[in-house]
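Chain letters run A, B, ... following the sequence lines, proteins first, then strands; residues in each count from 1. Hydrogens, waters and symmetry mates are skipped; everything else that's a heavy atom, side chains included, is used. Since the structure is predicted, the reported quantities are computational estimates derived from the model, not experimental observations.
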Amino acid sequence: GAVVSQHPSWVICKSGTSVKIECRSLDFQATTMFWYRQFPKQSLMLMATSNEGSKATYEQGVEKDKFLINHASLTLSTLTVTSAHPEDSSFYICSARFGGHSGNTIYFGEGSWLTVV
Amino acid sequence: GENVEQHPSTLSVQEGDSAVIKCTYSDSASNYFPWYKQELGKRPQLIIDIRSNVGEKKDQRIAVTLNKTAKHFSLHITETQPEDSAVYFCAASRGTALIFGKGTTLSVSS
């Protein structure tokens with residue numbers, strides 16, 4: 001299947017600092033990527049939809065100034081958690097849609113564990 | 001917006017038994033319904049999916065059924081094995097995005 005790569009897998013940062021997570025589609029062009037957050041033993045909660053060349057669409061309740069999303073190319077989307085706090089510690093996972101206009105198959109990156117201390 | 005309900009939250013079966021997980025969705029415009037298996041600390045893996053123009057799909061021991069009228073779909077796993085133990089998520093499309101159910105922790109004991 002299509003490959004989506006995410007980096008870093010693990011990151012620890014100090015409270016108040018910012019951290020960037022990258023999501024790459026390795027063997028296909030992804031006009032749309034998605035960012036999810038998953039707290040332990042909970043479901044995947046959609047944070048935002050990232051569209052190449054335009055502003056991301058954020059879900060209700062997600063602070064766009066805190067979670068900056070950039071989708072500058074067809075193979076790369078980044079999520080920057082700004083002024084991180086311990087409550088931002090979570091598993092962040094991206095996904096990309098593969099299959100063209102009518103295709104809806106979505107593949108996930110490996111995920112990034114963020115710990116804010 | 002789309003709301004996906006998933007039941008049960010936990011399911012314990014004996015090896016060889018069948019397991020059924022059910023989901024309902026709220027948005028009649030949803031047309032794609034995948035199921036993912038997630039092991040602890042890993043990415044969700046697509047195990048089977050179904051589109052709205054199909055009522056049933058089967059892949060070896062796994063099958064999914066869809067009832068668009070009732071807005072519910074189900075995952076059926078037959079002849080369960082210990083390696084089937086994981087968290088299973090259903091999802092429904094909302095435009096190009098996926099909205100997930102809360103997950104079902106399946107435990108298969110030998």
*For the hydrophobic clusters of this structure (ILVMFWY residues joined by side-chain heavy atoms under 4.5 Å, transitively), does one cluster hold both A/I69 and A/V4?*
no
*Give, for atom CZ of A/R97 and atom OG of B/S93, the distance between the pair rounded to the nearest 0.5 Å.*
10.5 Å
*More than 12 non-hydrogen atoms from neighbouring residues, nucleotides or ligands closer than 6.0 Å to NZ on B/K102, yes or no?*
no
*asked:* Quick check against the 3.5 Å criterion: does A/S43 have a side-chain atom that pairs as donor or acceptor with the backbone of B/G101?
replied: yes
*Heavy atoms of other groups near B/L40 CG, more than 12 under 6.0 Å*: no
*Does A/W35 share a hydrophobic cluster with A/L76, counting links as ILVMFWY side-chain heavy atoms below 4.5 Å and allowing steps through other members?*
no
*asked:* Do A/L44 and B/P44 make a side-chain contact, defined as non-hydrogen atoms from C-beta onward lying under 4.5 Å apart?
replied: yes
*From B/T96 atom OG1 to A/M33 atom CE, the distance as rounded to the nearest 0.5 Å*: 12.5 Å
_With a 4.5 Å cut-off on side-chain heavy-atom distances among I, L, V, M, F, W and Y, is there a chain of contacts connecting B/I62 to B/I50?_
yes
*Using non-hydrogen atoms only, which part of A/L46 is less than 4.5 Å away from chain B: side chain, backbone, both, or neither?*
side chain
*Supply the atom-to-atom distance B/L46 CG to A/I106 CD1, rounded to the nearest 0.5 angstrom.*
9.5 Å
*What part of B/Q38 is in contact with chain A, defined as an atom under 4.5 angstrom from a non-hydrogen atom: side chain, backbone, both or neither?*
side chain
*Step through the shown structure and confirm whether more than 12 heavy atoms of other residues, nucleotides or ligands are within 6.0 Å of CD on B/Q60.*
no
*Do any N or O atoms from the side chain of B/R43 and from the backbone of A/F108 form a donor-acceptor pair under 3.5 angstrom?*
yes
_Contacting moiety of A/F91, where chain B heavy atoms sit under 4.5 Å_ = side chain
*Using non-hydrogen atoms and a 4.5 Å limit, figure out which bit of A/Q42 sits close to chain B: side chain, backbone, both or neither.*
backbone
*Considering only heavy atoms and a distance below 4.5 Å, find which of B/K42, B/Q45, B/R94 pairs most often with chain A.*
B/R94
*In terms of hydrophobic clusters joined by side-chain contacts under 4.5 Å, are B/V54 and B/I48 together?*
yes
*asked:* As an exercise: rank B/P34, B/G41, B/A91 by heavy-atom pairs under 4.5 Å with chain A and give me the winner.
replied: B/G41
*Side chain from CB out, backbone as N, CA, C, O: work out which of these in A/Q6 comes under 4.5 Å of a heavy atom of chain B, or both, or neither.*
neither
*Step through the shown structure and confirm whether more than 12 heavy atoms of other residues, nucleotides or ligands are within 6.0 Å of CD on B/E79.*
no
*Heavy atoms, side chains only, cut-off 4.5 Å: are B/F89 and A/Q38 in contact?*
yes
_hydrophobic_cluster_shared for B/L66 and B/I47, side chain cutoff 4.5 Å_ = yes
